[in-house]
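One structure below.
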Amino acid sequence: FLGNKISIETLVIINELDHIVEHWLNNPTVQHIWSNELLRIKKLTGFVKYDKDKLRKIFIHFVEELD
């Protein structure tokens, strides 16, 4: 996201599938430095539309491939 490799909308989708923002909020350093970006991700959550079932399958396959 910060390197312009993925969009903020992609982060919103990944957050809905894996709850990454909650993990980042548990880290005080990340929370302090990136608070504005984390807030933007949370605010966009209701506006990003996608096929949840289809992307959930793709995401699960991606995570399995990483393991």
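Not measured: the values here are computed from a predicted model. Hydrogens, waters and symmetry mates play no part in the numbers below; they use all other heavy atoms, side chains included.
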Gap between atom CD1 of Ile6 and atom CD1 of Ile14 - 0.5 Å precision: 5.0 Å
Looking at CH2 of Trp34 and CZ of Arg40, how far apart are the two atoms once the value is rounded to the nearest 0.5 Å? 11.5 Å
Got a sec, which residues hit side-chain hydrogen bond (donor to acceptor under 3.5 Å, both in side chains) with Gln31, two or more places apart in sequence or on another chain? none
Please name all residues satisfying side-chain hydrogen bond (donor to acceptor under 3.5 Å, both in side chains) with Thr10, sequence neighbours left out, ordered by chain then number. Ser7
Say whether, by atom type as modelled, one donor and one acceptor occur between the side chain of Asn26 and the main chain of Glu22 under 3.5 angstrom. yes
Any donor-acceptor pair under 3.5 Å from Lys52 side chain to Lys49 backbone: no
Show me the donor-acceptor pairs, under 3.5 Å and distance only, between side chains in residues 58-67 and residues at least two apart or in other chains.
none

Nearest atoms (heavy-atom pairs only) where Val12 meets Thr45: CG1-CA, 3.7 Å
For His23 and His19, the nearest pair of non-hydrogen atoms, with its separation, is CD2-O, 3.0 Å
Option among Asn15, Leu25, Leu11 that satisfies the side chain to side chain contact (heavy atoms under 4.5 Å, CB included) test with Leu38: Leu25
Is Val21 reachable from Leu39 through a run of hydrophobic residues whose side-chain heavy atoms are each under 4.5 Å from the next? no
Verdict with reasoning, Ile8 to Val48, per side-chain contact (heavy atoms from CB on, under 4.5 Å): CA-CA 10 Å; Ile8 192 165; Val48 177; over 6 Å; no
